[in-house]
Protein chains: 2
Amino acid sequence: MTKSEANEFRSVCERAGVAVTHQRQVIYETLRAMHGHPSPEEIYERVKARIPSVSLATVYKNIHLFIESSVFSEVSLHHGSLRVETNAKPHYHLVCTSCKSITDIDAAELGFASKERKLRGGFLAQRYSVDVLGLCVNCQK
Amino acid sequence: MTKSEANEFRSVCERAGVAVTHQRQVIYETLRAMHGHPSPEEIYERVKARIPSVSLATVYKNIHLFIESSVFSEVSLHHGSLRVETNAKPHYHLVCTSCKSITDIDAAELGFASKERKLRGGFLAQRYSVDVLGLCVNCQK
DNA sequence: CTAGGTGCAAAGTATTTGCAACGCT
DNA sequence: AGCGTTGCAAATACTTTGCACCTAG
């Protein structure tokens with residue numbers, strides 16, 4: 001690790017108001033170095049290469065800590081359990097990051113057209129799923 | 001249930017190539033009547049009010065059947081396990097509905113500006129999470 | 001009749017928690 | 001020294017599966 005990376009990590013911990021531990025630092029560096037959307041298990045495997053005694057629970061605890069402190073984010077905000085979409089009309093979601101509530105909003109109202117089209121790279125876009133993350137009226141207080 | 005609802009359900013089963021069973025019908029009607037984004041457990045509770053002997057496993061099996069047949073959809077496509085976003089730049093996801101792969105795409109390239117703003121209803125939009133659902137190059141074959 | 005559907009219980013995966021020992025600050 | 005952090009194991013939450021019985025077609 002370079003000196004600037006170490007300083008960066010220290011200020012991350014300071015902002016979050018948590019201790020600078022070796023495990024936390026290695027988990028942080030590991031996440032920084034990984035690409036894509038790793039699962040806790042994948043992160044755990046990598047961290048274990050540097051700290052064989054680390055536990056999966058510690059990886060979970062620190063991932064949550066980083067997410068709460070906005071150091072990293074989650075790919076999906078509602079991954080806890082399967083949820084069925086009962087609203088048949090095209091719409092998107094207003095997701096409150098504080099109270100986790102999900103409200104529907106009309107596609108038109110958000111001003112995002114969702115037509116089928118081919119994107120660069122050849123991906124055929126058919127449907128769009130938009131989550132607007134922010135604060136609901138109650139949580140803005 | 002009205003006659004047209006019954007017919008609607010029959011054609012749903014026909015398209016999906018599955019049998020018309022009492023449990024399946026009640027689960028379908030229950031979903032139609034529910035608002036928001038119910039969990040399997042919530043759906044199960046409602047169905048149990050009409051069929052006390054129904055099992056949670058049957059509810060799960062039928063929810064999946066409906067989702068596979070595009071009769072209903074999932075709120076989130078990657079809810080199986082926690083995934084950490086390691087890409088710090090603003091970007092969105094190309095999600096292939098066939099092979100479930102997730103690729104990043106620059107926010108700019110999709111032409112969707114993500115600035116903080118207040119929406120009707122008072123929701124403070126801070127960040128956008130856009131999933132583009134479709135078929136990747138390989139799965140279009 | 002018979003292939004698919006159901007209910008039950010057990011298994012499987014993902015995640016969290018209690019607690020004693022440990023290490024930052 | 002004191003409190004947050006760690007590792008372990010056990011607990012919990014969510015979902016799937018195997019199997020015997022049942023039912024629609």
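Residue numbering restarts at 1 for every chain, and letters A, B, ... go by the order of the sequence lines.
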Counterpart residues, side-chain hydrogen bond (donor to acceptor under 3.5 Å, both in side chains), relative to B/T58 (two or more places apart): B/S55
Below 30° counts as parallel, above 60° as perpendicular, anything between as tilted: where do the rings of A/F66 and A/F9 land? perpendicular
Look at the side-chain N and O atoms of B/R24 and state whether any lies under 4.0 Å from the OP1 or OP2 oxygen of C/dT6. yes
Kindly say if B/Q23 contacts the phosphate of C/dG7, meaning a side-chain N or O under 4.0 Å from OP1 or OP2. yes
Side chain to side chain contact (heavy atoms under 4.5 Å, CB included) involving B/D106 - partner list, sequence neighbours excluded: B/E109
Between A/Y44 (OH) and D/dC8 (C1'), how many Å, whole number? 11 Å
Check whether any side-chain nitrogen or oxygen of B/H64 sits under 4.0 Å from OP1 or OP2 of D/dT16, and answer yes or no. yes
Of B/R83 and B/G17, the one whose closest nucleotide on DNA chain C sits nearer the 5' end is B/G17
Can you pull out the residues from residues 48-62 of chain B that lie within a 4.0 Å heavy-atom distance of DNA chain C? B/S53, B/V54, B/S55, B/A57, B/T58, B/K61, B/N62
With a 4.5 Å heavy-atom cut-off, do A/V84 and B/V75 have their side chains touching? no
Throw together a table of side-chain donor-acceptor distances under 3.5 angstrom for residues 132-141 of chain B, partners on residues two or more places apart or in other chains.
from   : atom 1 : to     : atom 2 : distance (Å)
B/Q140 : OE1    : A/K118 : NZ     : 2.9
B/Q140 : NE2    : A/G122 : O      : 2.7
B/Q140 : NE2    : B/L135 : O      : 3.0

Separation of atom CD1 in B/I43 from atom P in D/dT15, rounded to whole Å: 10 Å
Is there a donor-acceptor contact under 3.5 Å from the side chain of B/T86 to the main chain of A/G36? yes
Here the residues of residues 65-73 of chain A within 4.0 Å heavy-atom distance, strictly under, of DNA chain D are none
Worked check of side-chain hydrogen bond (donor to acceptor under 3.5 Å, both in side chains) between B/E74 and B/H64: CA-CA 9 Å; B/E74 297 184 62; B/H64 285 137; over 6 Å; no
Return yes if some donor-acceptor pair links the side-chain N/O of B/E42 with the main-chain N/O of B/S39 below 3.5 Å, else return no. yes
Extract all donor-acceptor atom pairs below 3.5 Å that involve side chains of residues 13-23 of chain A and protein atoms in other chains or at least two apart in sequence.
from  : atom 1 : to    : atom 2 : distance (Å)
A/T21 : OG1    : A/R24 : N      : 3.2

The helix from C/dC1-D/dG25 to C/dT25-D/dA1: angle between its terminal axes, five pairs each, to 10°? 40°
Protein-nucleic acid N or O pairs under 3.5 Å, nucleotides 21-25 of chain C:
from   : atom 1 : to    : atom 2 : distance (Å)
C/dT25 : OP1    : A/V20 : N      : 3.0

Check the distance between D/dA24's C1' and B/F9's CZ and give it to me in whole angstrom. 12 Å
By salt bridge (charged side-chain N to carboxylate O under 4.0 Å, His left out), which residues pair with B/E41, not counting sequence neighbours? none
note: A/L82, atom CG; C/dT13, atom P; distance rounded to Å ~ 18 Å
For B/R10, give me all partners under salt bridge (charged side-chain N to carboxylate O under 4.0 Å, His left out), at least two apart in sequence or on another chain. none
Just to verify, what does A/R50 make a salt bridge (charged side-chain N to carboxylate O under 4.0 Å, His left out) with, not counting sequence neighbours? A/E29
Residues in ring-ring contact (aromatic ring centres under 6.0 Å, His included) contact with A/H37, at least two apart in sequence or another chain: B/H93
